[in-house]
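Structure, as structure tokens:
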Amino acid sequence: MDAVLFDFSGTLFRIESAESWLRAALTAAGLTLTEAELTETARALDHAGALPGGTPPARIPREIADVWETRDRSAELHRTAYTTLSRQVPLPAPQLHEALYDRHMAPTAWTPYPDTPEVLRTLRERGTRVAVVSNIGWDLRPVFRAHGLDPYVDAYVLSFEHGVQKPDPRLFEAACEELGTAPGLTLMVGDDRRADGGAAALGCAVHFVDHLPVTERPAGLRPVLDRVG
């Protein structure tokens, strides 16, 4: 393999818990809830699927059914989809819905999996080119910079910048073109069988990891190093 394409959320990084997410937004807004209220509100937001990268929605509101299917194709659609989900849950101030969305884009809201630095660094040392290929509605580059991982990434191919989302092979094709590699010599690593598995249609090899909490997946990425000699 000459190159590796990595998904972002659930593969290289994990979003904070819904409770941590809500607490951070409340603190930034100068608002408070009792611990019982915070716990219950976070649970409701999690059930609604309002935290990008968190639990999928239990139900998609009818008014955003079409938006939901294409949410990763633009920043506007992504924000609309997730703020609509959060608005299903009563919050102490209406501006908190937008504040919650903004919070999830903060580098401090994301934690790399324990072996992410090791795997990316080793690939760089071996001369293997790396791209991050993500279905996302915002620029994740600051997350990599804040965690010191940007030097190990050669290209970022983000759905909202291309207007195409996985599993469409065109997003993987764009990544291969940016890296200057052939699909047959490229490995796609992700946690979503459907979305990330779309790389196989282009001829890429595919390797899946489990979307688990950081503490429960200490070495899920290391097998990638065995596949890329």
Side-chain angles (χ1 to χ4, degrees), residues 1-16 53 72 105 107-136 138-162 164-229:
M1 295 294 170
D2 289 342
V4 182
L5 314 179
F6 286 99
D7 174 52
F8 168 58
S9 175
T11 300
L12 293 175
F13 282 80
R14 172 83 179 205
I15 190 65
E16 65 188 333
D72 296 312
M105 296 185 285
T108 51
W110 295 89
T111 301
Y113 281 92
D115 57 345
T116 292
E118 171 197 349
V119 170
L120 292 181
R121 182 177 61 251
T122 302
L123 290 173
R124 172 51 56 93
E125 291 169 351
R126 292 180 181 180
T128 304
R129 294 181 64 76
V130 168
V132 174
V133 184
S134 177
N135 278 354
I136 200 165
W138 50 277
D139 185 5
L140 52 71
R141 294 172 182 87
V143 176
F144 282 79
R145 288 196 292 268
H147 289 274
L149 298 176
D150 181 64
Y152 306 128
V153 179
D154 298 291
Y156 296 90
V157 181
L158 312 180
S159 60
F160 84 103
E161 293 181 339
H162 290 261
V164 175
Q165 63 189 51
K166 299 180 289 186
D168 193 317
R170 289 178 293 174
L171 201 63
F172 306 106
E173 184 176 25
C176 289
E177 289 177 355
E178 287 205 34
L179 295 181
T181 184
L185 297 174
T186 302
L187 175 66
M188 174 66 206
V189 182
D191 67 297
D192 188 317
R193 267 62 177 172
R194 176 178 176 273
D196 299 313
L202 190 64
C204 298
V206 181
H207 177 82
F208 294 112
V209 294
D210 295 321
H211 189 153
L212 295 171
V214 168
T215 55
E216 296 178 22
R217 210 195 76 193
L221 292 169
R222 285 183 188 158
V224 171
L225 298 178
D226 296 328
R227 300 194 61 175
V228 183

Does any part of the side chain of [Y], heavy atoms only, come nearer than 4.5 Å to the side chain of [X], both counted from C-beta?
X    : Y    : answer
E118 : R222 : yes
V206 : F172 : no
T116 : F6   : no
T128 : M1   : no
M188 : K166 : yes
L221 : L12  : yes
D2   : R129 : no
F13  : L140 : no

Exercise for the section: Tell me, with the steps shown, if D192 and T11 meet side chain to side chain contact (heavy atoms under 4.5 Å, CB included). Expected result: CA-CA 9 Å; D192 188 317; T11 300; over 6 Å; no

Nearest-0.5 Å distance that lies between atom [atom1] in [X] and atom [atom2] in [Y]:
X    : Y    : atom1 : atom2 : answer
D168 : S159 : CG    : OG    : 11.0 Å
N135 : S9   : CG    : OG    : 10.5 Å
Q165 : L171 : CD    : CG    : 9.0 Å
L158 : W138 : CG    : CH2   : 9.5 Å
E216 : Y113 : CD    : OH    : 9.0 Å
R217 : D115 : CZ    : CG    : 6.5 Å

Practice task
Let me know which of V228, V4, D226, V224 forms a side-chain contact (heavy atoms from CB on, under 4.5 Å) with H207.
Solution key: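 Result for side-chain contact (heavy atoms from CB on, under 4.5 Å) with H207: V224.
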
Practice task
Would you please name every residue forming a side-chain contact (heavy atoms from CB on, under 4.5 Å) with P117, sequence neighbours left out?
Solution key: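 With neighbours one apart ignored, the set is R121, L149.
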
Checking the side chain of [X] only, and the main-chain atoms of [Y] only, is there a donor and an acceptor separated by less than 3.5 Å?
X    : Y    : result
D154 : V130 : yes
H147 : W110 : yes
R141 : D150 : no
T186 : C204 : no

Handout entry: R126 atom CZ, over 12 foreign heavy atoms within 6.0 Å
Key =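 For R126, atom CZ is crowded (more than 12 foreign heavy atoms under 6.0 Å).
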
Problem - Nearest non-hydrogen partners of Y156 and E161, listed with the distance - result: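 That closest heavy-atom pairing would be O-OE1, 4.4 Å.
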
Handout entry: Minimum-distance pair of heavy atoms, taken over all atoms of G198 and P169
Key =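 Looking at all heavy atoms of both residues, the closest pair is O-CG, 4.3 Å.
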
Problem - Near-ring test F144/Y152, centroid separation under 6.0 angstrom - result: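 No, too far apart.
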
Practice task
Kindly determine whether D7 and V209 satisfy side chain to side chain contact (heavy atoms under 4.5 Å, CB included), including the steps that lead there.
Solution key: CA-CA 10 Å; D7 174 52; V209 294; over 6 Å; no

